[in-house]
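Starting from 1, each residue takes its place in the sequence as its number. In this text, all values refer to a predicted model and were calculated from it rather than measured experimentally.
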Amino acid sequence: MQSKLLIGLNQAQQDAVSGSDGPTMIVAGAGSGKTKVLTHRIGYLLEQGIRPWEILSLTFTNKAAGEMKERISKLVGSELTKDLWMGTFHSVFARILRRHAELLGYTVSFTIYDSDDSLGLIKRVMEQLNIARDQFNPNAVRSRISSLKNNLITPSDFTAIARDFFSERVAEIYPAYLKALKGSNAMDFDDLLIKTIELFVHHPQALEIYQRRFRYVLVDEYQDTNRAQYMVVKLLSAIHQNLTVVGDDAQSIYAFRGADIKNILDFQTDYPQAKTFRLEQNYRSTGNILAVADILIKHNKKQLDKTLFTKNPKGETVKVVECSDEREEGAMVVRTIEDEIRKERYSLADAAVLYRTNAQSRALEDAFRRQGIPYVIVGGVAFYKRKEIKDALAYIRLIVNPADSESLLRVINFPARGIGETTLKRVTEFARERGTYILDVLLAPEFIPQIKPNTAVKLRQFYELIEKYRKLIPELSPSELLRALIDETGMLVELKSENTLESLARYENLKEFLSAITEHFSLKSDATIESFLEEISLVSDADKVDGAKNVVTLMTLHAAKGLEFPLVFICGLEEGLFPNANSSFEDFSLEEERRLLYVGITRAMRKCYLTYAKSRLKYGEYSSAMASRFLEEISATDAIEMITSYGSRISSLKASSQREDFVGNSPLFNNSTTIGSRTFSARRKESSPYAQEEAPDSYSQIDTSSAMQIRKGVRVQHEIFGEGRVLEVSGKGDNAKAIVDFVGRGRKNLMLKFANLRLL
């Protein structure tokens, strides 16, 4: 008699659910019912008499674990599921470590440090070692140590391979940090994996307890596991070998967090007797959307063999939309959503707008706000609420309103000026006693009781900075004034010198804010600083409508994984943006960028729009943009349709040459490009409003004279990676490559034609 848990499943799903014992890999394509198969497989095991505590199911989020447990309860009843070992890697292993802490020299009540706790401890360790924080950023140190741990690299191992100045200091800090953690009876987040492995390796009797207990180990999203997670799973499943991993290599997009795609690609090598089940029927998307996703991902060389198909209708073509700039891009997205709601009866909640970087949300948010359409930011903070933007706004508010004490207190010590909390309390009290503004008393801080002379100098310097720009208000244009103010505060320099993924993202956000300033005052000739601040404050007010359910969703592509929407827009498909500049020269990184776009496209159920701009405002200036190579890769299919942001189809040489504002400056339009049965021309119209300001491709402007001088051993500067030393040069002419070891960023493979390296 067939199990009720197999009813309603397709044949591939049934095979995966009822598969025999032993190592098993379920390759679950996008929209193929991965969670359903995993929960039904666990339910099937329980139905076959496996006891709940003999099953270990590992996930990446508590939400995923909770939802799976709820689904299994509905399948087999709550009594059978209450004793399941199901949770995130970290929560499960924290539970194990509590039971055996004394074997590792900890007490049962050990503390788990979060990232802020870890950072504070690293700062204290650096102070004890006399390592200057202004020379070696503690955040960068913490990030490197975390990466080393997740790759199972010990302090002694790292000391042996550390070559550059930054790595040598990290090698000094790393063991001292571990010693300090132990002395505090604390483990950081990474230790919950590392210490579990240490427990199992050095205390095999503890390992055997769990090896024998867990007859079945199941891992969700296996493509996202790092080296430490791979190792602990391998140890736990060693006796029974009943390891089931579920995942999709095509959706591996978290390398920046340490995820190692080799774990899933090499599963059959690690477990030669493993059975593989492929879930290839997509239930989510239309045929055209799936066709575009499939042709894109097939450009990746390293991937598991699978071909997705769907029985859904073919649906509309995927629209590739050319926009003049990011403002027009935002307007096009809003206009299209309004049209879809009116014509197809979609709701706002049916639409998602995806982008590569958080900084892109600014122009999109502005477009939604102008039309009064509610939206919500998922997986991030609304652009004007991000810390770095609010810091910049606080400076601006202060120069037009010296009574704004909240803004003053926010930025008086940011960037750091050596003005402590005690000083601020004394200054605030002094101003309150005299019934005046805090800024006013900073004119003569030497009269404030208990303020040291050197501190008084710093307070006065802050006062002079604000007063300088207050006096410049009538002399400079608002745009010039605000850009100069933000530059002189030193915020940009501080964020760039911190040189972590987070700080560089904040740096880019602040640069995008400068673009917003330029755009605001260029579009509104009568705009004032006060009107600019008023418009921003209205954005903040609109953002408070969190309870509204019928809103458009805005998020990064990374945040969109696991979600689905009837209507999806993916914005900013331009070289240097998507794929981003960091990945343009390395095959491994480029393949991850391609997988990221694949994830985005497969979020779409019925309609998908891919947009790119011919020029984009960067750092306050418009620069020509080149369409992403990914658009060229999907061009050879009838499943896409090229249109302009105004809705007209670019379907022939005649059609494109008649458009006044069409400029083809991308790989899609070099001379002529055939997409399906349609041909598009690259003719530039001199009458185009962009003809004067558009330059040739930025790559073609690179001076190759410096590239000719790049040789082994020379020191170079890269715009993104910073300072480095050339380790190796190979190839000639356009094919010349270099391996460069960048300080704090590691080795990078660069194409010299594109890298724009500057000799030091």
Side-chain angles (χ1 to χ4, degrees), residues 12 16 23-34 37-38 60 219-227 229-230 244-272 274-282 284-285 287 289-310 318 356 557-558 560-562 570 573 578-580 582-604 608 610 628-637 639 749:
T24 300
M25 176 167 64
I26 301 174
V27 182
S32 64
K34 169 183 70 70
V37 167
L38 187 54
F60 275 85
V219 184
D220 191 17
E221 304 286 8
Y222 191 65
Q223 77 279 352
D224 294 334
T225 54
N226 59 34
R227 184 67 184 174
Q229 290 161 332
Y230 163 86
T244 297
V245 301
V246 184
D248 181 9
D249 60 299
Q251 297 186 68
S252 179
I253 57 174
Y254 295 120
F256 68 95
R257 295 182 188 169
D260 189 349
I261 193 174
K262 289 187 295 185
N263 292 347
I264 193 167
L265 293 178
D266 296 342
F267 187 81
Q268 197 77 49
T269 303
D270 292 335
Y271 303 92
K275 295 181 178 65
T276 299
F277 299 96
R278 289 177 170 80
L279 307 182
E280 298 175 306
Q281 182 174 352
N282 177 286
R284 177 187 299 149
S285 305
I289 291 172
L290 206 59
V292 171
D294 190 59
I295 197 172
L296 171 74
I297 202 62
K298 279 190 165 41
H299 282 80
N300 274 8
K301 298 173 184 176
K302 297 178 181 178
Q303 58 179 308
L304 298 173
D305 182 40
K306 61 182 175 299
T307 300
L308 294 189
F309 69 93
T310 184
V318 171
R356 179 62 183 83
L557 283 137
H558 283 101
K561 189 167 178 286
I570 303 176
L573 276 153
F578 196 10
N580 67 26
N582 289 0
S583 66
S584 296
F585 316 117
E586 299 179 1
D587 288 344
F588 176 82
S589 298
L590 186 61
E591 290 206 350
E592 174 138 330
E593 289 286 293
R594 191 177 285 113
R595 292 194 295 269
L596 187 58
L597 179 56
Y598 173 85
V599 166
I601 293 172
T602 54
R603 299 311 94 196
C608 182
L610 310 177
S628 170
R629 69 191 73 186
F630 297 150
L631 294 179
E632 189 170 25
E633 290 173 0
I634 64 174
S635 62
T637 173
N749 245 325

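How far CG of Asp294 is from OG1 of Thr637: 9.5 Å, rounded to the nearest 0.5 Å. Atom CD of Glu592 sits about 13.0 Å away from atom CG of Leu597, to the nearest 0.5 Å. Here Ile264 contributes atom CD1 and Gln303 contributes atom CD; the two are 12.0 Å apart, rounded to the nearest 0.5 Å. The CD atom of Glu593 sits 9.0 Å away from the CG atom of Leu557 when rounded to the nearest 0.5 Å.
Looking at every heavy atom in both residues, Ile295 comes nearest to Ala636 through CD1-O, 3.8 Å. Nearest heavy atom pair, residue Leu279 against residue Ala16, reads CD2-CB, 4.4 Å. Of all non-hydrogen atoms in Ala604 and Ser285, the two that sit nearest each other are O-OG, 2.6 Å. Counting all heavy atoms, side chain and backbone alike, Ile570 lies closest to Leu573 at O-CD1, 4.0 Å. Ala639 and Val292 make their closest contact through CB-CG2, 3.7 Å (heavy atoms, listed as atom of the first residue, atom of the second, distance). Nearest heavy atom pair, residue Gln251 against residue Arg595, reads N-CD, 4.5 Å.
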side-chain contact (heavy atoms from CB on, under 4.5 Å), that's the test. Do Tyr222 and Asn263 meet it? Break it down for me. CA-CA 7 Å; Tyr222 191 65; Asn263 292 347; 4.0 Å; yes
Tell me, with the steps shown, if Lys301 and Glu591 meet side-chain contact (heavy atoms from CB on, under 4.5 Å). CA-CA 8 Å; Lys301 298 173 184 176; Glu591 290 206 350; 3.6 Å; yes
Under the side-chain contact (heavy atoms from CB on, under 4.5 Å) criterion, do Phe277 and Met25 qualify, and how do the steps go? CA-CA 6 Å; Phe277 299 96; Met25 176 167 64; over 6 Å; no
Going through the distances and angles, do Asp270 and Tyr230 end up as a side-chain contact (heavy atoms from CB on, under 4.5 Å)? CA-CA 11 Å; Asp270 292 335; Tyr230 163 86; 3.0 Å; yes
Taking it one step at a time, do Lys34 and Asp248 satisfy salt bridge (charged side-chain N to carboxylate O under 4.0 Å, His left out)? CA-CA 9 Å; Lys34 169 183 70 70; Asp248 181 9; over 6 Å; no
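Using modelled atom types, no side-chain atom of Thr602 and backbone atom of Ala30 make a donor-acceptor pair closer than 3.5 Å. A donor-acceptor pair under 3.5 Å is absent between the side-chain atoms of Gln281 and the main chain of Leu308, judged by distance alone. A donor-acceptor contact shorter than 3.5 Å links the side chain of Glu280 to the backbone of Thr307. Although no hydrogens or angles enter the test, the distance criterion places a donor-acceptor pair under 3.5 Å between the side chain of Asn226 and the main chain of Gln229.
Residues passing the salt bridge (charged side-chain N to carboxylate O under 4.0 Å, His left out) test with Arg284 are Glu564, sequence neighbours excluded. In this structure Lys561 satisfies the salt bridge (charged side-chain N to carboxylate O under 4.0 Å, His left out) test together with Glu221, Asp224, sequence neighbours excluded. Listed by chain and residue number, Pro23, Phe267, Gln268, Tyr271 satisfy the side chain to side chain contact (heavy atoms under 4.5 Å, CB included) test with Ala274 (two or more places apart in sequence, or in another chain). Every residue was checked against the side chain to side chain donor-acceptor pair (under 3.5 Å) condition with Lys302, not counting sequence neighbours, and none meets it. Residues that satisfy the side chain to side chain donor-acceptor pair (under 3.5 Å) test with Asn282, not counting sequence neighbours, are absent from this structure.
Under the 4.5 Å side-chain criterion, counting only non-hydrogen atoms from C-beta, Thr225 is in contact with Val219. Counting heavy atoms from C-beta on, the side chains of Phe60 and Asp220 never come closer than 4.5 Å. Leu610 has its side chain within reach of Ile634: a pair of non-hydrogen atoms, C-beta onward, lies under 4.5 Å apart. Residues Thr244 and Ile26 form a side-chain contact, since some pair of their non-hydrogen atoms from C-beta on lies under 4.5 Å apart.
A salt bridge (charged side-chain N to carboxylate O under 4.0 Å, His left out) with Asp249 is found for exactly one of Arg594, Arg278, Lys306, namely Lys306.
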Using residues 252-262 as the side-chain source, report each donor-acceptor pair under 3.5 Å to any protein atom, sequence neighbours left out, with the distance given to one decimal.
{"from": "Ser252", "atom 1": "OG", "to": "Gln223", "atom 2": "O", "distance (Å)": "3.4"}
{"from": "Tyr254", "atom 1": "OH", "to": "His558", "atom 2": "O", "distance (Å)": "3.1"}
{"from": "Asp260", "atom 1": "OD1", "to": "Lys262", "atom 2": "N", "distance (Å)": "3.0"}

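Checking Asn300 against Tyr598 by side-chain atom types alone, no donor-acceptor pair falls below 3.5 Å.
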